Protein chains: 2
Amino acid sequence: MPLGNVSERRHGAPDLGVSVVILALDKRANIASGLGKSAHHDDAPASNEVGRLWLPLVKRVKQPYLGCWALPGAGLRSDISLEDAAFTALESTTAMHPHYLEQLYTFGGPARSQGGLPMVSIVYWALVGQAEAETLHEANNVQWFATDALPEMAFDHEAIVDYALWRLRNKIEYSSIASRLVGNEFTLAQLRHVYEAVLGKALDPANFRRRMLTSDSLQQTGKYQAEGRHRPAALYRYSADTPIEEIYEGSLAALTSHKVLAANTARQHR
Amino acid sequence: MPLGNVSERRHGAPDLGVSVVILALDKRANIASGLGKSAHHDDAPASNEVGRLWLPLVKRVKQPYLGCWALPGAGLRSDISLEDAAFTALESTTAMHPHYLEQLYTFGGPARSQGGLPMVSIVYWALVGQAEAETLHEANNVQWFATDALPEMAFDHEAIVDYALWRLRNKIEYSSIASRLVGNEFTLAQLRHVYEAVLGKALDPANFRRRMLTSDSLQQTGKYQAEGRHRPAALYRYSADTPIEEIYEGSLAALTSHKVLAANTARQHR
DNA sequence: CCAAAAGTGTTGCAAATACACCCATGA
DNA sequence: TCATGGGTGTATTTGCAACACTTTTGG
């Protein structure tokens, strides 16, 4: 009985769009490339805590869920790839360029379009580095939110964000994806802060060091960085970019990441 | 310059459909519920080899790729969930009911629709048990193929199958998904044959036994099964269904599998 | 000197592997 | 009886977690 005006579309194809979960770290977790002291949104955590993950959301200006916050997205055209569509949606709403972009899941079905038109969303998730994240000028309708303090969100977008965070937490364990959240050169402490922010817990510095070094994915630059009244730390870089990923992504590796890699190489390898 | 008649659709939304990669084992790998001796397609492997994975394909009767084999699929309506659409596509083309169904990936973009209309495919992958697989009467336009001997396939469907196999190989390591490929009760040797077929290599029986038993996901039935001129093997069953999966699928677990579970409980818990 | 983080060493535990060995059965 | 797979025992290795310890710097 409700949804009367929608019933005529019940057997047609649903609308199709892409959305993006964009994730970045605050200053505390990644001091490598940063110089200033204040984090996003003037919400810098105390310096002895773990860093936090943030994401930009867009305020809806239409019904349904008017005034709620939603993931950046756009309709889907047929002349570009799905990944390019996600890349463009990200770029046009935030003017940022991701360091990593991967398909997350496709959501659809009548349950998620309460009162609205049927909608299928192909959702991607992206990582942006510290420097890139700072280029976003927060406006009235696009703002950063900490993932552990999300606002009232539209549709099922909160569940989608949760799923993206779950995927990131898993993927950081077996891939070199953390490389997309630190600068080109970094100390092991800085890299550890990234892991701590993603996993949401502190890690043993000694064991973390050994785990990273024995994985053979890092190489020393020969440079050192002094950061306080203590011994300077060696700077490292990732040796080959995305070595582990390709193994794990299997046959899908060939179908993805072209645009992101191009964008990153264009800006001098991240 | 080519594709002239398609160019007018270039900026519209692409068509949307679901496809399914349906996987099953041959007799050698799963003797639990079977009685006969011949495997699918009269291609029973020698009894000392590992079993193989098979999937049903549909022969195309239209251009493009006329005569090639393709994944079962259907268009997408907006009054049912994506999973229900995949379930229905599987059921209507093969008359089988899956024991497992999960979204695999969404494929799209202009590159994959050579000469045809732009097409986005939401692909699911499914597992069917031995008994269910035997209900499929092979016709002229739907047949079983071994995954290591695929025919000429339409579109990018061969890459999609490879990705589904990769996902299965990974998932069998950390979830109880193998339960969907064996019968209700099984010996550890039979369960091992499933793992061997999926992973494509032989496993140490002693270590496999210990790994399974210490995982606490199996329980003994008290029954035994004699299978040759040697000591009879104890029969086991999976204790709680899908215990590990839910942990690993995280927040997504709530959004999926309702229909498959219903279908399986309807037929007495698989 | 001393605080504080960088970096090293040591121990113990848990899981996976390799492989030797007994057990129970049907032919 | 003996061949065959079911089932157990055990040594070795590996990676990880815990934590004590040494080193190097700035103040």
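Quick note on labels: first sequence line is chain A, next is B, and so on, each numbered from 1. Nothing here was measured: the structure is a model prediction, and the numbers come from that model.
Interatomic distance, A/Gln190 CD to A/Tyr236 OH, rounded to the nearest 0.5 Å: 12.5 Å. Rounding to the nearest 0.5 Å places CG of B/Leu53 at 10.0 Å from CH2 of B/Trp144. If you take CG on A/Leu203 and CZ on A/Arg211, they are separated by 6.5 Å, rounding to the nearest 0.5 Å. In this structure, A/Leu127 CG and A/Leu181 CG are separated by 4.5 Å, a value rounded to the nearest 0.5 Å. Atoms CD1 and NZ, from A/Ile177 and A/Lys171 in turn, are 5.5 Å apart once rounded to the nearest 0.5 Å. A distance of 5.0 Å separates NE2 in A/His157 from CG in A/Leu71, rounded to the nearest 0.5 Å.
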Strictly under 3.5 Å: I want the nitrogen or oxygen pairs between protein and nucleotides 11-13 of chain C, one per line.
none

Pairs under 3.5 angstrom, nitrogen or oxygen only, protein versus nucleotides 8-13 of chain D, please.
unit_1, atom_1, unit_2, atom_2, d
D/dG9, N7, B/Arg210, NH1, 3.2
D/dG9, O6, B/Arg210, NH2, 2.9
D/dT10, O4, B/Arg210, NH2, 3.3

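Using the six-membered ring where Trp is involved, B/Phe107 and B/Tyr163 have ring planes that are perpendicular, over 60° apart on the 30 and 60° scheme.
When each of B/Ala234 and A/Ala226 is assigned the nucleotide of DNA chain D bearing its nearest heavy atom, the one mapping closer to the 5' terminus is B/Ala234. In terms of position along DNA chain C, the nucleotide closest to B/Asp204 lies nearer the 5' end than the nucleotide closest to the other residue of the pair B/Asp204 and B/Arg231.
A donor-acceptor pair shorter than 3.5 Å can be found between the side chains of B/Arg210 and B/Asn207.
When the P atom of D/dA17 is taken as reference, atom CZ of A/Arg192 falls 14 Å away, rounded to whole Å. Whole-Å rounding puts the B/Gln225 CD to D/dG6 C1' distance at 13 Å. In this structure, A/Arg211 atom CZ and C/dT8 atom P are separated by 17 Å, rounded to whole Å. When the C1' atom of C/dC19 is taken as reference, atom CG of B/Leu203 falls 16 Å away, rounded to whole Å. In this structure, A/Leu188 places its CG atom 10 Å from P of C/dT8, rounding to the nearest Å. Atom-to-atom, OH of B/Tyr224 to P of C/dT25 comes out at 10 Å; the value is rounded to the nearest Å. If you measure from atom CZ of A/Phe208 to atom P of C/dT8, you get 15 Å, rounded to the nearest angstrom. In this structure, A/Lys201 atom NZ and D/dA18 atom P are separated by 9 Å, rounded to whole Å.
Looking at the side chain of A/Ala233, the nearest of the listed nucleotides C/dG7, D/dC16, D/dG5 is C/dG7.
Formation of a donor-acceptor pair under 3.5 Å by the B/Ser239 side chain with backbone atoms of B/Ser217 is found in this model.
Side-chain atoms of A/Arg229 and base atoms of D/dT25 include no donor and acceptor less than 3.5 Å apart.
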